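Okay, so here's the structure we're looking at.
Quantities reported herein were computed from a predicted structural model and do not represent experimental measurements.
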Amino acid sequence: MGRPRAFDEDEAVRAAVGLFGGRAYDGVSVDDLVAHLGVHRNSLYKTFGSKRGLYLVALRRHIADDVRPLLDALAEATDAATALRLVTSADLGLLLLAAIERSPVDEEVAFEVTAALDSVDRAIADALGVPAALATALTAAALGILLRGNPDKVATALAQHLGPLT
């Protein structure tokens, strides 16, 4: 019989979300995970199977904890500027890094990222009553703002021109 688990799996996954969200998949080694999560290497492998296994669990947790609440907030948006501000103020770091770094090389990550972004698009389209293509463009603009940095300044400037869209 094996020893009982000596770590809180939920806490480890939350810490992994922060680590992967700050440094991306390739920027985090198994040694980093062991050190930052307080998990023994064998426990990490036994629980998650691999670094990638933990990454997928962390990505799904990020989507559940950060993207789903965004969807609820977007349902209340009454105009494009509000939707834009909601997306640019959400914590989407791991989702963005996953889209850029892992989606092109990992089908399972690509599926999770695509599903999450499609949900954001639908939430915007439904809330604002706009065509799907426009909602997708708004999502893309918001994510671009996040990637450029200083989202408040850029989002404010863009929001001034969004009135005619809704």
Side-chain angles (χ1 to χ4, degrees), residues 9-28 33 48-166:
E9 186 175 329
D10 191 55
E11 285 180 29
V13 171
R14 285 180 218 257
V17 168
L19 200 56
F20 287 126
R23 294 174 33 197
Y25 182 84
D26 287 337
V28 176
L33 292 168
F48 302 107
S50 64
K51 173 184 160 182
R52 181 182 175 274
L54 174 56
Y55 180 81
L56 287 168
V57 171
L59 177 60
R60 290 177 182 130
R61 169 63 61 83
H62 172 61
I63 291 168
D65 290 354
D66 298 310
V67 177
R68 287 199 183 111
L70 170 62
L71 301 177
D72 294 338
L74 285 168
E76 304 297 319
T78 56
D79 56 52
T82 300
L84 186 66
R85 276 191 214 93
L86 287 168
V87 175
T88 58
S89 64
D91 177 7
L92 300 178
L94 180 51
L95 183 65
L96 287 172
L97 288 172
I100 294 165
E101 180 192 34
R102 299 302 304 160
S103 285
V105 297
D106 188 319
E107 286 184 26
E108 205 166 352
V109 171
F111 175 82
E112 296 293 339
V113 168
T114 299
L117 294 176
D118 287 349
S119 294
V120 173
D121 295 343
R122 278 192 306 278
I124 291 172
D126 292 347
L128 303 182
V130 298
L134 179 55
T136 299
L138 288 170
T139 301
L143 297 177
I145 289 167
L146 286 172
L147 289 172
R148 294 215 37 190
N150 197 357
D152 292 334
K153 179 181 176 185
V154 178
T156 300
L158 184 57
Q160 292 173 348
H161 302 285
L162 292 177
L165 295 178
T166 58

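- Closest non-hydrogen pair, V17 versus A58, comes out as CG2-O, 3.2 Å.
- Applying the side chain to side chain contact (heavy atoms under 4.5 Å, CB included) test to A90 and every residue at least two apart in sequence or in another chain returns L70, L92.
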- In sequence, state the C-alpha distance, the side-chain angles, and the governing distance for D106 and R52, and then conclude on salt bridge (Lys or Arg N to Asp or Glu O under 4.0 Å). CA-CA 10 Å; D106 188 319; R52 181 182 175 274; 2.7 Å; yes
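- The two residues A99 and V113 come nearest to each other via the heavy atoms CB-CG1, 3.7 Å.
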- Task: Kindly indicate, with the supporting measurements, whether the criterion side chain to side chain contact (heavy atoms under 4.5 Å, CB included) is fulfilled by L117 and V67.
- Result: CA-CA 9 Å; L117 294 176; V67 177; over 6 Å; no
- Message: Checking V120 against L143 for the side chain to side chain contact (heavy atoms under 4.5 Å, CB included) test, could you report, in this order, the C-alpha distance in whole Å, the side-chain angles of both residues, the deciding distance, and whether it holds?
- Response: CA-CA 11 Å; V120 173; L143 297 177; over 6 Å; no
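- Using modelled atom types and a 3.5 Å distance limit, the side chains of R122 and S119 yield a donor-acceptor pair.
- Pairs passing the ring-ring contact (aromatic ring centres under 6.0 Å, His included) check and including a residue from residues 49-86, sequence neighbours excluded, read F20-Y55, Y25-Y55.
- Residue pairs meeting the side chain to side chain donor-acceptor pair (under 3.5 Å) criterion with at least one partner in residues 11-24, sequence neighbours excluded, are D10-R14, R23-D32.
- Applying the ring-ring contact (aromatic ring centres under 6.0 Å, His included) test to every pair with at least one member in residues 71-111, sequence neighbours left out, gives no pairs at all.
- Residues forming a salt bridge (charged side-chain N to carboxylate O under 4.0 Å, His left out) with R60 (at least two apart in sequence, or on another chain): E108, E112.
- Under the 4.5 Å side-chain criterion, counting only non-hydrogen atoms from C-beta, V87 is in contact with L74.
- Residues I100 and L147 have side chains in contact (heavy-atom distance under 4.5 Å, counting atoms from C-beta outward).
- Of all heavy-atom pairs between L95 and A116, the closest is CD1-CB, 4.0 Å.
- Atom CG of L128 is separated from atom OG1 of T82 by 8.5 Å, given to the nearest 0.5 angstrom.
- With sequence neighbours left out, the side chain to side chain contact (heavy atoms under 4.5 Å, CB included) criterion links V57 to V13, F48.
- With sequence neighbours excluded, the residues forming a side chain to side chain contact (heavy atoms under 4.5 Å, CB included) with T136 are D121, listed by chain and number.
- Shortest non-hydrogen contact noted between L59 and A98 is CD1-CB, 4.0 Å.
- Smallest separation of non-hydrogen atoms from L86 and A73: CD1-O, 3.6 Å.
- Checked against side chain to side chain contact (heavy atoms under 4.5 Å, CB included), A24 has the following partners two or more places apart in sequence or in another chain: L97, E101.
- Applying the salt bridge (charged side-chain N to carboxylate O under 4.0 Å, His left out) criterion to D72, with sequence neighbours excluded, gives no partner residue.
- Annotation: side-chain hydrogen bond (donor to acceptor under 3.5 Å, both in side chains) contacts of S103 (sequence neighbours excluded): none.
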- Query: Given the rule in the side chain to side chain contact (heavy atoms under 4.5 Å, CB included) test, do L138 and L84 qualify, once you have shown the distances and angles that lead to the verdict?
  - Reply: CA-CA 7 Å; L138 288 170; L84 186 66; 5.6 Å; no
